[in-house]
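Structure first, then comments.
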Amino acid sequence: MLTLDALSVRYGKHIALDNVHLRVDPGETVVILGANGAGKSSLLKAISGLVTPEPGVSITLDGHELAGVAPHRIPDEGIALVPEGRGIFTALTVDENLALGAYSRRARAGEARQRDFIFDLFPRLAERRKQIAGTMSGGEQQMVAIGRALMSNPRLLMLDEPSLGLAPVVVGELFDALGRIGASGVALLLVEQNVTISLELAARGYLLEVGRVVGEGSAAELKEDPAVRQAFLGLNA
Amino acid sequence: MTLTTTLIAGLVLGGTYALVAMGLTLQYGIARIMNLAYGDMIITAAFAAFVVQALPSMNPLTGLAIVVPGGFIFGYLVYVFLLSPLVKRAPDKATLEVDSILTTFGLLFVIQGVLLVLFGSNYTSYTFLNVPVSIFGTTVAANRLIALVLALTIGLMFYALLTRTRWGTALRAVAVSPQSAKLVGINTDRAAAVAFAMGTALAAAGGTVISMYQTFTATGGVVFTMKALIVVIMGGVGNLLGALTAGLVLGIVETTVSTYLDPGLTLAATYTIFLAVLLWRPEGLFGRRV
């Protein structure tokens, strides 16, 4: 479904991504593992159009070229991003955040159905529709961020470090919800430092190191990969 | 003057302040342009209303239907041709702030110069419904009451537009986080242009309302820029209801001071409030943003 070919991103002289190839199949959950500064966020931002990749790249969704498409047109293509740090509209209410999630043309028809799905997924949001989003707890704000992204009725949902700064119990609940979203047929592309829990959720993964893909495979293979075990799981190979 | 008279006069003035401050807070909060020519856009609208109301079978009220859309179009063109190039090349918010202040400072003198050529430097006014009306045991000129009702109606209409529609909510979302606004599919460049144009339309409405009950001059714009700026900061930048409330408060304070103390102290009182807010509540009297 999503195919990245020869994706490179540089900020001035700094090379954030170097010739990355990656694919996500329909309905598949894929995780990108890597340390801080490995280029994980740049990868998601490049797909969303927020950073401009180097020429020669091809980013396609079902054969449709996305490189060079303005960021505000990406939701209409069926791709939603939950950015690092959540990026919710803190001064607006939960309801307003969700309504804006359905701002794109693609989202309008199925708006009511998506809202029901989100409230079923996160009953807390249904209880707090009128609350100003910025006054909620970290876990609740992450629910708002995921809910807002889902409102655009995406075929591919991308999440940048959704577990960051959350208590382990909350992370568990969040990943249960992500599992249900994946089961509903939405493809997930996840960037995470919490390797254990994301390899349980994902079917496949890529290992990114200073801007290059240095490993890829099924979740089971990655769990046994010496590099992954040593770098992220704190285990001896 | 009785207390009621003072209060009504204060509300009339305050309603006008509230209306124009809402426009400035839109321009600064959403389009991120600090518009120093804002007061001159108000004065331009006052002159436009003066011209339009003199046309056959027109009056200042019907004139609004021409002046306000005219303000919107003027604001849109100013943004697209003068400001959007600055936005595109600015590497960060601070640069844009400096560039937009310098550019609109220049625009101020261009607008003022054109008005001076067209209308001269004299005080201008026209008579519209200058008849006494009895209300709450006191008499007020009908044009002032109309000015108050108009200011509040137009202000609340814009407020409803921005808070009750998805389109308006999207504009406010740009004020909170331009980056996230893009992620949900909002064209932030166009949103900024529309917000700037809406702000100019509010300035035009304010200018028309002012022309109904005050005299005005081509060089009088800077006072309105300052007053609007003070009200915006009192209400909290980007806070529409804050601007509405702070405008009314400032109008009442100014009228009270000039009635019971000394008219010469009006400006001093205004700036005292302004300084107090800056020192103790820099986020505005009403805290929350947008």
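Here is how names work: the chains are called A, B, and so on, in the same order as the sequence lines, proteins then strands, and each is numbered from 1. Computed from a predicted model, the values in this text were never measured in an experiment.
Looking at B/Ser180, its side chain does come within 3.5 Å of a backbone N or O of A/Gly87 through a donor-acceptor pair. Side-chain atoms of B/Arg172 do not come within 3.5 Å of backbone N or O of A/Leu92 as any donor-acceptor pair.
Of the listed residues (A/Asp95, A/Leu100, A/Asn97), just one forms a side chain to side chain contact (heavy atoms under 4.5 Å, CB included) with B/Thr169, and that residue is A/Leu100.
For the set B/Ala170, B/Gly185, B/Ala181, the entry with the most heavy-atom pairs within less than 4.5 Å of chain A is B/Gly185. When the candidates A/Ala99, A/Gly134, A/Ser152, A/Ala145 are compared by the number of heavy-atom contacts under 4.5 Å with chain B, A/Ala99 comes out ahead.
Within 6.0 Å of OH on A/Tyr11 lie more than 12 heavy atoms contributed by other residues, nucleotides or ligands. The neighbour count for A/Lys45 NZ, taken as heavy atoms of other residues, nucleotides or ligands under 6.0 Å away, does not exceed 12.
Contact annotation for residues 46-54 of chain A against chain B (heavy-atom separation below 4.5 Å, listed by residue number): A/Ser48, A/Leu50.
Neither the backbone nor the side chain of A/Ala107 comes within contact range of chain B; no heavy atoms are under 4.5 Å apart. Looking at A/Arg105, neither its backbone nor its side chain comes within 4.5 Å of chain B, counting heavy atoms on both sides.
Atoms CD and CG, on B/Gln179 and A/Leu81 in that order, are 9.0 Å from each other to the nearest 0.5 Å.
Closest approach of B/Val184 to A/Tyr103, counting heavy atoms only: O-CB, 3.6 Å.
Counting heavy atoms from C-beta on, the side chains of B/Arg166 and A/Arg108 come closer than 4.5 Å.
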